[in-house]
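The sequence lines fix the lettering, A, B, ..., with proteins before strands; numbering per chain opens at 1.
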Amino acid sequence: MADPFDIDEALQPAHEPPTAPAPPVAEGDEPPYLASLNPEQREAVLTTEGPLLVLAGAGTGKTRVLTTRLAHILAARLAWPGQILAVTFTNKAAQEMRQRIRALIGDMVEGLGWLGTFHSIGLKFLQRHAEAAGLSSGFSVLDDDDQLRLLKQVMAAANVDEKRFPARQLAALIDSWKNRGLIPEQVPDADAITADGINAQKLYAAYQQRLQQLNAVDFGDLLVKPLQLLRGDAFLLNEYRRRFRYIMVDEYQDTNVAQYLLLRLLAGEDGNICCVGDDDQSIYGWRGAQVENILRFPKEFAGAKIIRLVRNYRSTAHILGAANGLIAHNRARLGKELISGLGDGEPVLIRPCRDDLEEARTITDDIEALLRAGERLNEVAVLVRASFQMRSIEERLIATGLPYRVIGGPRFYERQEIRDALAYLKVVHSPDHDLAFERIINVPKRGIGKASLAKLHEFARNRGVSLYRAAELLTESENALKPKLRNTLRVLINAFERWRREMQQLSPAELAGLVLDESGYIEMWQAERSVQAQGRLENLKELIRSLEEFETLGGFLEHVALVMDADALAEDDKITLMTMHAAKGLEFGHVFLPGWEEGLFPHQRALDDAGEAGLEEERRLAYVALTRAKRRAVISFAASRMVHGLWQNNLPSRFLEELPKAHVRVDDTGHAFFGWAMKDGGLRDTGGDVPGFDTAEDVEPVIIDPAREQAPAPQPPAPERKGFATPTSPAPTSRPAQPASSRATSAPAPPTATEDPRIASARRLLAASRATPPRAATAGAAPVFRKGERVRHRQFGEGTVLEADGNKLTIAFDAIGEKRIMASFVERA
DNA sequence: GAACGTATCTTTTTT
DNA sequence: AGATACGTTC
């Protein structure tokens with residue numbers, strides 16, 4: 001094991017400033033990196049001593065301040081690179097910081113060994129102090145898939161019925177404890193037992209024990225274990241306090257309790273800690289983040305200086321005005337208003353749509369127009385609340401032939417074939433990785449089923465060895481196993497031994513190729529002649545390609561554990577499609593924000609789980625999303641969309657009404673009938689009921705077949721989505737001249753070729769609304785309900801109608817109380 | 001032990 | 001709707 005204290009790195013002349021590579025800073029002669037900063041930014045950079053909180057609104061040059069400040073500390077010879085702890089929220093942010101610092105100070109950046117996410121820094125710390133943490137070197141970090149499997153085993157061993165208490169739920173609970181820095185013994189009694197009477201605290205303890213046996217840690221342990229170590233060892237703590245002369249934290253509003261405690265511990269009473277964040281952009285409460293951390297910073301760090309950055313250099317005044325007005329509805333905030341350094345620009349556009357298909361269509365129509373106007377696709381983003389929304393948009397983008405990339409979606413490393421491949425590599429790298437071994441022991445099929453596996457497990461348990469070792473031992477004895485099984489295992493073990501030997505000679509990429517080939521894994525997918533299998537093979541190739549960047553297999557596996565995402569490089573000219581969460585910190589000329597509907601955004605779960613606080617977090621998310629836009633933002637909502645295979649009707653998001661009138665414009669091109677229009681220059685519900693069903697007075701009724709109407713237009717099959725590859729689509733120039741929108745619609749009264757597609761869709765909608773009652777697409781006429789009637793809802797159960805206002809009912813549900821529901825969602829009980 | 005069928009849940013966001 | 005989990009049958 002490495003010398004835990006790493007004297008050469010930590011204790012370089014901490015007491016005298018470094019002398020070597022720093023450029024001289026002459027008196028009165030300002031270093032060039034300060035020149036382009038505004039006064040507040042400059043103050044933040046130059047305030048190096050003592051606690052400092054920088055409240056940096058969206059687009060106010062936060063990253064610039066952080067990187068310049070760090071460079072300044074080095075240039076002014078206040079510390080060596082190894083004495084700076086710099087924490088970012090994502091790996092991407094860490095990389096970006098590294099690059100920007102390199103641009104300022106050159107190769108000295110290499111010495112910044114403690115720049116990274118909390119988790120990667122926690123891992124580094126644990127690797128240095130593995131033994132103290134009860135681990136041996138080379139311990140593995142479980143991904144959440146492994147974690148879940150392990151939890152299931154633990155629950156099975158404790159005889160807990162997974163139906164009563166799903167493993168996922170336990171995982172979430174344990175995670176929340178770890179986010180608070182709690183080891184099993186510290187779990188408060190009040191939290192230990194679930195509503196069902198299951199002792200979750202005991203399960204947590206058993207889980208930790210199993211982890212230890214496996215010489216593994218999970219994600220949360222990367223925070224909790226360092227915290228425990230530092231708390232329990234004053235000497236160790238002191239060493240690290242002395243080492244980290246300067247601490248910098250990005251996205252401070254997103255830190256959780258464990259992270260806060262860690263910082264508090266390392267910074268000590270009088271540390272030089274600088275936290276940068278924005279309380280209005282705190283969007284990870286569901287993951288344990290505490291906005292309170294930022295709100296009470298001044299109290300926790302006595303004598304803290306606070307600097308506010310509010311000059312925004314990103315968005316036009318209309319966009320900022322809309323965002324400022326929206327976030328002003330929040331109560332829990334420090335309060336600030338961004339000031340635009342740019343012109344007015346265009347108002348935020350609000351666009352009502354009939355359904356998600358039409359919504360997707362209007363987005364691609366707009367993007368095509370942008371393209372014709374010479375805009376670069378790199379400047380265009382579609383930001384969604386939930387990843388399932390991506391599907392209809394992706395399909396539409398593919399149909400239109402617009403190139404795009406997905407960031408965030410289903411993660412590359414979460415794909416089945418990738419996990420299988422990784423499991424093989426993990427076993428090659430560390431044979432005792434039971435979870436990995438279990439995953440692939442019968443993939444491809446080798447005839448090792450449940451019974452054989454159980455035998456291995458039993459043997460391993462009795463002997464106190466790993467599964468792999470158990471297999472090895474059992475094949476060595478003559479009669480322990482049936483000949484067939486014994487032979488199969490022998491072949492498998494031999495193969496692993498061989499691959500392990502090859503590990504010395506081959507590069508990780510070559511080794512991976514060999515393993516996947518010889519194991520029969522690639523063959524397994526080749527044998528399956530489906531389109532899907534084709535995609536999986538592609539992904540495996542991609543995996544091998546990405547392995548080429550790594551020197552060692554161990555290095556790669558570590559990288560994968562920490563960076564579940566293989567980020568797409570934003571170099572080629574493509575539209576970006578991602579979740580709002582993933583978009584934090586980014587900016588685009590044109591931003592499309594679909595799905596602003598009650599239930600989806602704000603998300604019902606957020607409201608149910610956290611009430612008013614949940615609503616405020618959703619509002620902050622809306623704020624984050626809006627402030628991504630530099631020049632133009634288009635918000636849309638769909639009256640109905642397909643969710644879980646059923647059509648669901650939605651009301652427009654309350655956030656729409658919270659946007660100040662002066663900064664928005666409603667797109668009423670053929671949509672005034674939605675009941676949404678500009679009144680007095682603002683967005684108002686004009687009294688229309690369920691959007692789309694009230695006002696069509698002057699249009700010829702046309703009977704249509706709802707099923708056909710809803711059927712998607714014929715489209716090429718969607719290619720397998722990849723984390724860092726993107727679907728290959730024709731370049732924009734090679735697309736047909738005809739706008740794609742006109743071919744994808746199958747209107748009952750076909751529009752002429754020249755007709756605006758939006759008008760065409762309006763025409764169809766009007767026709768549909770006259771011809772069929774609401775919810776025609778799903779279940780026929782919605783019955784009319786009266787006060788006092790008993791009704792049943794799919795999700796909420798039975799209840800009594802308190803009030804009936806057309807389609808909107810107020811219902812007192814027996815189980816959950818009062819709710820406003822649209823009539824089409826309930827049936828007579 | 002594997003293949004097929006049925007039942008059940010899912011989708012909020014991620015280091 | 002689609003994936004997964006579990007049970008039944010061959």
Side-chain angles (χ1 to χ4, degrees), chain A residues 87-94 116-123 141-145 147-148 152 161-163 166-169 171-172 175 178-179 218-223 250-251 254-256 258-259 282-289 383-392 407-411 413-416 442 444-454 482 484-485 488 532 560-565 567 578-584 595 599-610 614 617-618 620-622 624-625 641-648 710 712 718 795:
Chain A
V87 196
T88 60
F89 192 63
T90 64
N91 291 289
K92 209 164 76 187
T117 62
F118 273 104
H119 292 87
S120 64
I121 285 166
L123 175 62
V141 182
L142 298 192
D143 60 37
D144 43 322
D145 201 48
Q147 184 193 15
L148 205 62
K152 282 180 182 169
D161 185 2
E162 247 240 72
K163 286 210 178 80
R168 286 193 175 282
Q169 213 169 306
D175 205 46
K178 289 190 172 177
N179 283 336
D218 68 11
F219 241 76
D221 285 339
L222 297 178
L223 300 178
D250 193 10
E251 308 281 12
D254 288 325
T255 51
N256 60 34
Q259 291 163 338
S282 165
I283 55 176
Y284 285 98
W286 51 274
R287 208 172 81 187
L383 311 181
V384 297
R385 175 61 183 84
S387 39
F388 78 87
Q389 291 173 263
M390 289 184 183
R391 221 189 81 194
S392 56
I407 295 186
R411 310 308 209 69
Y413 291 117
E414 281 172 15
R415 293 165 181 287
Q416 184 193 336
N442 201 30
K445 300 249 185 296
R446 300 188 172 91
I448 303 174
K450 248 200 224 153
S452 311
L453 191 59
K482 287 188 187 140
K484 194 176 150 222
L485 176 60
T488 310
Q532 269 200 331
V560 173
L562 289 175
V563 189
M564 284 300 283
D565 199 14
D567 278 320
M578 61 181 152
T579 63
M580 295 173 175
H581 282 86
K584 192 160 76 154
L600 178 57
F601 193 40
H603 200 281
Q604 193 58 47
R605 267 287 279 276
L607 267 37
D608 292 347
D609 291 352
E617 179 153 313
E618 294 286 289
R620 289 193 292 270
L621 186 55
V624 168
R641 71 171 66 235
M642 185 79 107
V643 182
H644 299 170
L646 291 170
W647 284 97
Q648 193 182 303
Q710 295 296 357
Q795 193 187 345

_In this structure, how many angstroms lie between the P atom of dG1(B) and the CG atom of Leu485(A), rounded?_
8 Å

*Flag the pair Asp218(A) / Lys178(A) as yes when at least one side-chain heavy-atom distance between them is below 4.5 Å, and no otherwise.*
yes

*Starting at atom CD of Gln389(A), determine the distance to atom C1' of dT13(B), rounded to an integer number of angstrom.*
11 Å

*Among the candidates dG1(B), dT10(B), dA3(B), find the nucleotide nearest to the side-chain atoms of Ser452(A).*
dG1(B)

_Expressed as a whole number of angstroms, how long is the span from Arg605(A):CZ to dT10(B):P?_
8 Å

*With stacking defined as ring centroids separated by under 5.5 Å and planes differing by under 30°, is Trp286(A) stacked against dT13(B)?*
yes

*Check whether any side-chain heavy atom of Leu222(A) sits under 4.5 Å from a side-chain heavy atom of Leu562(A), and report yes or no.*
yes

*Under a 4.5 Å cut-off applied to non-hydrogen side-chain atoms, are Val384(A) and Met578(A) in contact?*
no

*For the pair made of CG in Leu646(A) and P in dA1(C), what is the distance, rounded to whole Å?*
8 Å

*Mind checking Tyr284(A) for me? I need base, sugar-phosphate or nothing, with any heavy atom below 4.0 Å counting as a touch.*
sugar-phosphate

*If you look at every strand shown and take non-hydrogen atoms under 4.0 Å, does Asn442(A) touch a base, only sugar-phosphate, or nothing?*
sugar-phosphate

*What do you reckon, do His644(A) and the base of dT10(B) stack, with centroid distance below 5.5 Å and planes below 30°?*
yes

*Most 5' of Thr88(A) and Asp609(A) on DNA chain B, judged by nearest nucleotide*: Asp609(A)

*Look at all strands and tell whether Phe89(A) reaches a base, only sugar-phosphate, or nothing, counting heavy atoms closer than 4.0 Å.*
sugar-phosphate

*Would you say a side-chain N or O of Asn91(A) is under 4.0 Å from OP1 or OP2 of dT14(B)?*
no

*On a whole-Å scale, what distance lies between the P atoms belonging to dT13(B) and dT4(C)?*
16 Å

*Give, for atom CD1 of Ile121(A) and atom CG of Leu223(A), the distance between the pair rounded to the nearest 0.5 Å.*
10.5 Å

*Are any of the side-chain heavy atoms of Trp286(A) and His581(A) separated by less than 4.5 Å?*
yes

*Could you state the atom-to-atom distance from CG of Leu223(A) to C1' of dT14(B) in whole Å?*
13 Å

*Starting at atom CG of Leu562(A), determine the distance to atom P of dT14(B), rounded to an integer number of angstrom.*
17 Å

*Calculate, to the nearest 0.5 Å, the distance between atoms NE2 and CG belonging to His603(A) and Leu621(A) respectively.*
11.0 Å

_Output the rounded distance in Å from NZ (Lys450(A)) to P (dA3(B))._
15 Å

*With heavy atoms under 4.0 Å as the rule, sort Ser120(A) into base, sugar-phosphate or nothing.*
nothing

*Ignoring backbone atoms, establish whether Thr90(A) has a side-chain N or O less than 4.0 Å from OP1 or OP2 of dT14(B).*
no

*Have a look at Lys152(A) and say if it touches a base, only the backbone sugar-phosphate, or nothing, with a 4.0 Å heavy-atom cut-off.*
sugar-phosphate

*Rounded to whole angstroms, how far apart are CD on Gln147(A) and P on dT15(B)?*
15 Å

*Where the side chain of His119(A) is defined as all heavy atoms beyond and including C-beta, which of dT11(B), dT15(B), dG1(B) is the nearest nucleotide?*
dT15(B)

*With nearest nucleotides of DNA chain B determined for Phe118(A) and Leu453(A) from heavy-atom distances, which residue corresponds to the more 5′ nucleotide?*
Leu453(A)

